*Asks:* 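First, the structure itself, so that you have it in front of you.
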Amino acid sequence: MNLFDYTRADTLGAAVGAEGALLAGGTNLLDLMKIGVATPSRLVDVTRLPLSQIEDHGGGLRIGAMVRNADLARHPQVLARFPAVAEALLSGASAQLRNAATTGGNVMQSTRCSYFMDPLSPCNRREPGTGCSAIGGETRNHAILGWTSGCIATHPSDLCVALAAFDAVVEIAGPAGTREVPMATFHPLPDANGVPPALAAGEVITHIRLPDPGGMARHARYVKLRERTSFAFAIVSAAAGIAVQDNRIVAARLALGGVAARPWRSTGAEAALLGQPPIETNFARAAELALQGAAPSGNNAAKIVLARRIAVRALTLAAAGTPDRMPALPASVFEGDDHG
Amino acid sequence: MADLMNVQAHVRLGSNAGQSMTRRDGVLKVTGRAPYAADRQPGGMLHAVTATAGIARGRVAHLDTAAALAHPGVVRVYTPANRPPLAEHPDTKIHGFAWRMEALQDDTVRYAGQPIALVVADTLEAATEGARLLNPRYEAEAPRIGLDGNTPYQPETVSIGRPPSLEAGDMDAARAGAARHLDTVVETAAQYHNALEPHAITAQWFGDRLEIDTPNQAIGLAKQSFATYLGIEPSQILIRSPFLGGGFGSKAILYGAQLLVVLAARDLDRPVKLALRRDQMFGPVGHRPATRQTLRLDLDEHGRIAALDHHTLAVASTFDDFIESASNASHSVYATTAMRTTHSAVRTDTGTPGPMRAPGEAPGSAALEVAIDEAAYALGMDPLAFRLLNYADTDPSTGMEFSSKALRECYERAADLFGWKDRPLEPRTMRQGRLLKGWGMGTAQFPCPMFQAAAHATLRADGSAVVETSAADMGQGAWTALAQIAADGLGIDIDRLEFRSGQSDLPDAGVAGGSGHTATAGTALFNAGADTVRQLADLATNDPASPLFGAGNAGVTARGGRLYRNDDESRSEAYEDILARAGLDLVRGEGKGAREGEAQRAMFSHGGVFAEVLVDPDLGQIRVNRLVGAFAVGRIVNPQLARSQLLGGMIWGVGFALHEEAIHDARTGRFTNNDLAGYHIPVNADIPMIEALTVHEDDPFVNALGIKGVGELGVTGTVGAIANAVWHATGVRPHRFPIHPESLI
Ligand SMILES: Cc1cc2nc3c(=O)[nH]c(=O)nc-3n(C[C@H](O)[C@H](O)[C@H](O)COP(=O)(O)OP(=O)(O)OC[C@H]3O[C@@H](n4cnc5c(N)ncnc54)[C@H](O)[C@@H]3O)c2cc1C
Ligand code: SF4
């Protein structure tokens, strides 16, 4: 690890515009520093910022960027209104990590592309213009949507997939004032030379805002495929919400994880579901639409099939309704409605 | 020295051994008071960090030592240019269990992750950054990676000094007479031990005396090896290794950085510590290599195996020979008229493989059990019935009888508890809700080797005792199980026993490996106790003042700290009284543990493992829903610890079947998953229900105590059982481990 200065920002004013890397839970940043991928000369500790509240926001919620993943997942209003957000959180990392990790840090966590995490490998995302080592390499956790020859990495967050599905907005404070970006488009897609940064220098995520989920509050699920039952990033995942009246879908949400550089929200798929009965053939058609344009970025064509199927699964489970209690294995494909 | 057979009358096993007992070191461990090597902080200590190669093949052209030295806190940078001399070249095989290693002998890079420099600094952080600042430049060549990375060659030996092939019976005749045959190819991935405790060493010189703290599975051998490389006497070296946070074979072998730390400590005249980072454990400290196994089973018209052919292609390094002896796992499991087992290897730019929990047996059993299952299905037979039809009553590779083999009982007990009899023959016929359900089984088998061990026992005037042997507790519970045996050898209660272990100035307990440690060191301890009791009995039975006078040496039994007359239990005497009257402060016995002469019987632990898996039909995710094993392992010294070992082995099998896989980028030879976020092993949620039963087994031949081994057995059988259950659930036959969800959709 390189030598660096450490400072602590106690007010938002001190954090905004501060030079250096923001240090929240440190579960990602410190790992990257240890392997020499991140080499900040200054760390600005933001964990004491007064941003750890979860507030009611007109039927939705406004979540401070410093709220810990564990606290967010167990918050009664999150469980009541956004169970898929809780399920996504609880399917991620481990209890210890979730205790440390923050909402803002989760959103800003880096890709798990193993070439990004290997300073010896050229990587456009790490050093624009150097090339992409993942192409032609080990691509099991790489993208099938929205990738370019500049970068084929995926965003690894589970939380963000659920947030994107339920119309979350990222509130940002910067030297030039505040701005808001929908979660679904917050993470930039790559261009031919690399990936533009999500935040400009000196910007800080202050809150995540979730609007009223309406009838989807009890019809929302997150499903995550991984080869071990817990403590693994998704091969593919999906967050879905459904509201049904008179056997017709009146609202639908669908976002995919593990498939692109951002959570892959598919408004096209959602629109196609409106007015339809909540049955599997319709879900399959929606999933088909969600995967439109998908292409393997390497030896990962199976992910296209898997992503389509997990979308169907998430929609099916959402239509069946959110369980009263959080499943013992959150987001597990083995915690379906008919698991005997 | 005691010969167990002659002193049997004095002592009996069972007062302590045979009882469940929690680990004696458990409280120390959970309270953080058990000292591990990296916990040592001698005054004035420096920290060492290795810089590792970023290429897999070529040479180091330049290291920026100036930049590293300029970093605050960096004390010294060792490279091939200034590494202090060794008395023996690190590429010398100083004995059969020595690996060629990297101790900065030259600038060659043989694999990615190889140590290419050692940076010593005041703090760990400074040493780490110093290593980074070396910023090596290389002359790189294209690496050879994976099973197809190079032209296979014919190794002279496999495993450690074993012949690479075996042929028993007449293969041609057996094949000619067979009704049908089946071919199958199974691949297994490269695996890294990844013990929770990373490899670590703290070295300190006191003049020409060297003290080393390092976790090691064979400290007697390690002491000899250090002495040879350093050109000093073994008596000048003290190694402390009281606890290992897991070893699994990777801590049985010296590695180059250990030598470098010792050299640095001498050169700088300061204690020096090195603890490998997780990623640094991928390469220099051994691994289980990838294999591609080709099996052919020839079956007669009744479904009996006429010929068994098992060939293994294993990945090897370019500079040493440890060939995974996977084909040998087929030697003794099933009856066959003829068999052939062969091996070839492919030299690649990786670290040298080494023994990893159930070396050879784990991948070999995985492939064999898949092939057996395929044969059973081809014949339309229940997999258990097929295995019983081909039950080996003698070892087919040698014709020898088994020393004991309660495998039938294992099958029966486990099948019963599992509910196997209701299994439909056809795959993809069972469901649980939306999920596919499948049942599979495998046979577990592991040999019962013995090594060499020595122990001392000293009975004190107050009737308490101390026993000494350099045994290694790597978490398996040796401190407890061995103490139980020792207490029985002495005929005292275990709370009167002081157990000294884990230090190289004690009698050498040999290697904790091969599942033979309890048997070997246990025999030595038992014999040392028995030798002590024999002397005590001599004193008492020859002393007219003793109630035991005249009973004769064989006429007394030791128990609970007293000697009893066999012909009159009411006449007994306490140890302390015997010693007091004889005017002795202590009586001291010695014992050895080893197998004498050539084995006349085939000696194996056995088991039957049954698995239920659920598979999501759309997504391919696999869940091992139930796992039941029954094992025949001879005398069970401590049921609780034995069960833990068997369960641990089975869970290892889950990891083998579904998770463990080290991935190289074929273009650079570097790993893409050399951390525990990327290299997966099972977590609690992967093990919903697991049970390990043991069946009674008396084995008068395996050793005098009748102890087999439990450490590795559980891995075998389990991997195949899971793969076969996955097939039964899905109809897709897994031919590659770990089984990926993608392969099932
Ligand atoms: C072993 C392991 C397994 C994991 N598994 C999963 C998983 O299955 N699913 C999953 O979703 N995640 C997983 N994670 C990732 C984990 O969720 C993230 O590491 C964590 O959420 C990051 O939060 P943090 O507060 O620790 O961020 P930090 O590490 O402190 O920061 C991460 C990044 O965010 C920036 N940052 C932090 N806060 C702000 C802010 N308010 N405004 C702007 N920038 C900010 C930092 O500067 C830094 O660049 C895993 C991590 C590990 C180590
Ligand atoms: S995929 Fe993206 S992150 Fe990975 S190596 Fe290529 S450019 Fe870097």
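Every value quoted in this text rests on a predicted model; they were computed, and no experiment measured them. Throughout, a chain's letter reflects where its sequence line sits, starting with A, and its residues are numbered from 1. Both backbone and side-chain heavy atoms feed into the values below; hydrogens, waters and symmetry mates do not.
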*Asks:* By a 4.5 Å heavy-atom criterion (distance strictly below it), what part of B:L744 contacts chain A: side chain, backbone, both, or neither?
*Replies:*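 Neither part, no heavy atoms under 4.5 Å.
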*Asks:* Looking at B:E660 and A:R228, is any side-chain nitrogen of the basic one under 4.0 Å from a carboxylate oxygen of the acidic one?
*Replies:*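 No, no charged N to carboxylate O under 4.0 Å.
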*Asks:* Aromatic ring centroids of B:Y679 and B:F282 under 6.0 Å?
*Replies:*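 Yes.
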*Asks:* Kindly check if the number of other-residue, nucleotide or ligand heavy atoms within 6.0 Å of CG (B:N684) is above 12?
*Replies:*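 Counting neighbours around CG of B:N684, 12 or fewer heavy atoms of other residues, nucleotides or ligands fall under 6.0 Å, so no.
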*Asks:* Identify which part of A:S94 has an atom lying under 4.5 Å from any heavy atom of chain B, answering side chain, backbone, both or neither.
*Replies:*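 Contact with chain B: none, neither part.
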*Asks:* Between the side chains of A:K224 and A:D158, is the shortest nitrogen-to-carboxylate-oxygen separation below 4.0 Å, so that they form an ion pair?
*Replies:*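 Result for this pair is yes, salt bridge flagged.
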*Asks:* Checking heavy atoms, do the side chain of A:R313, its backbone, both or neither come under 4.5 Å from chain B?
*Replies:*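 Answer is side chain: those atoms of A:R313 sit under 4.5 Å from chain B.
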*Asks:* Would you mind telling me which of B:H740, B:E125, B:R277 has the largest number of heavy-atom pairs within less than 4.5 Å of chain A?
*Replies:*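 When all of B:H740, B:E125, B:R277 are compared, B:H740 has the most.
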*Asks:* What part of B:P136 gets closer than 4.5 Å to chain A, counting heavy atoms only: side chain, backbone, both or neither?
*Replies:*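 Neither part.
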*Asks:* Under 4.5 Å from any heavy atom of chain A, what part of B:H71 do you find: side chain, backbone, both or neither?
*Replies:*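 Looking at B:H71, just its side chain touches chain A.
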*Asks:* Within 45° of the axis and under 6.0 Å from the centre of the six-membered ring of A:F233, does NZ or CZ of A:R140 qualify?
*Replies:*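 Verdict for A:F233: no cation-pi partner in A:R140.
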*Asks:* Below 4.5 Å, heavy atoms only, C-beta onward: do A:I235 and B:P741 meet side chain to side chain?
*Replies:*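 Side-chain contact under 4.5 Å: yes.
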*Asks:* Please classify the contact of A:D118 with chain B as side chain, backbone, both or neither, using a heavy-atom distance under 4.5 Å.
*Replies:*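 For A:D118, side-chain heavy atoms alone lie under 4.5 Å from chain B.
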*Asks:* Charged N to carboxylate O under 4.0 angstrom, B:D675 versus B:R278?
*Replies:*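 No salt bridge links B:D675 with B:R278.
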*Asks:* Do the side chains of A:L43 and A:L29 get nearer than 4.5 Å, heavy atoms only?
*Replies:*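 When only atoms from C-beta onward are counted, A:L43 and A:L29 do touch, with a gap below 4.5 Å.
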*Asks:* Against chain A, label B:H659 side chain, backbone, both or neither, depending on which of its atoms sit under 4.5 Å from a heavy atom there.
*Replies:*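 Interface part for B:H659: side chain.
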*Asks:* Can you say whether A:T39 sits under 4.5 Å from chain B via the side chain, the backbone, both, or neither, judging by heavy atoms?
*Replies:*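 Just its side chain gets close to chain B.
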*Asks:* So what's closer than 4.5 Å to chain A heavy atoms on B:P72: side chain, backbone, both or neither?
*Replies:*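 For B:P72, the side chain is the part near chain A, not the backbone.
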*Asks:* Quick check on the interface: out of B:I745, B:I663, B:L658, who has the most heavy-atom pairs with chain A under 4.5 Å?
*Replies:*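 Sorted descending by pairs with chain A, the first entry is B:I745.
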*Asks:* Looking at A:R285 and A:E280, is any side-chain nitrogen of the basic one under 4.0 Å from a carboxylate oxygen of the acidic one?
*Replies:*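 No, no charged N to carboxylate O under 4.0 Å.
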*Asks:* If we define contacts as heavy-atom pairs under 4.5 Å, which of B:L619, B:L133, B:T128, B:D665 has the most with chain A?
*Replies:*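 The answer is B:L619.
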*Asks:* Select one option (side chain, backbone, both, neither) describing which atoms of A:L329 are under 4.5 Å from chain B's heavy atoms.
*Replies:*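 It is the side chain, since no backbone atom gets that close.
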